[in-house]
Amino acid sequence: MEFKKLNNNEKLPFISYGVYEIKPRKTKEAVLNALETGYRAIDGAQVYYNEKEVGEAIKESSIPREEIYLTSKNWGQQFRI
């Protein structure tokens, strides 16, 4: 996996595994497989309704949590201006 070094010296993977349209009952296994394959970035969103399963997979994986980058998008209604 290639990484991009950020200004704060963190390394961000170039490629993320997206969980869009993965049914919750299949998400945990899919994310575990992605992590085993070498992915270290997972991209999700509240609207996908599979965040719980993503978290379970990360917790159960043998990859240290600090090596996994997790991004998520919130519903627009969650923000107040």
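None of the values given here were measured: they were computed from a predicted structure.
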Minimum heavy-atom separation for Ser72 to Gln46, with atom names? OG-N, 3.9 Å
Atom CD of Glu21 and atom NZ of Lys26: how far apart are they, to the nearest 0.5 Å? 13.0 Å
Specify the closest pair of heavy atoms between Glu67 and Arg40, including all atoms of both residues, with the distance to one decimal. O-CB, 3.5 Å
Say whether Tyr69 and Ile15 are linked into one hydrophobic cluster, either directly or through other cluster members, by side-chain heavy-atom distances under 4.5 angstrom. no
Do Ile58 and Ile63 belong together in a cluster built from hydrophobic side chains that touch within less than 4.5 Å? yes
Taking the side chain as every heavy atom from C-beta outward, state whether Leu70 and Arg65 have any atom pair closer than 4.5 Å. yes
Could I get the full list of side chain to side chain donor-acceptor pair (under 3.5 Å) partners for Glu60, not counting sequence neighbours? Lys28
Which heavy atom in Tyr17 sits nearest to a heavy atom in Ala30, and how many Å separate them? OH-CB, 3.5 Å
Could you tell me the separation between the CD1 atom of Ile22 and the CD atom of Glu29, rounded to the nearest 0.5 Å? 10.5 Å
Crowded around Lys73 NZ? As in, over 12 foreign heavy atoms under 6.0 Å? yes
Give, for atom CG of Asn50 and atom CD of Glu56, the distance between the pair rounded to the nearest 0.5 Å. 11.0 Å
Residues Val19 and Gly44: closest non-hydrogen pair is CG2-CA, 3.7 Å
Does one hydrophobic cluster hold both Tyr20 and Leu35, with members joined at side-chain heavy-atom distances below 4.5 Å? yes
Counting only heavy atoms not in Leu12, do more than 12 sit closer than 6.0 Å to its CG atom? yes
Is the number of heavy atoms from other residues, nucleotides or ligands within 6.0 Å of CG (Asn8) greater than 12? yes
Who pairs with Phe14 by ring pair (Phe, Tyr, Trp, His ring centres under 6.0 Å), at least two apart in sequence or on another chain? none
At what distance, to the nearest 0.5 angstrom, does CD of Glu36 lie from OG of Ser62? 7.5 Å
Is there a continuous path of hydrophobic side-chain contacts, each under 4.5 Å between heavy atoms, that joins Tyr39 to Ile68? yes
Determine the minimum heavy-atom distance between Ser16 and Asp43, stating which atoms define it. CB-CB, 4.2 Å
Minimal non-hydrogen separation, Lys5 against Asn9, with atom names: CE-OD1, 3.0 Å
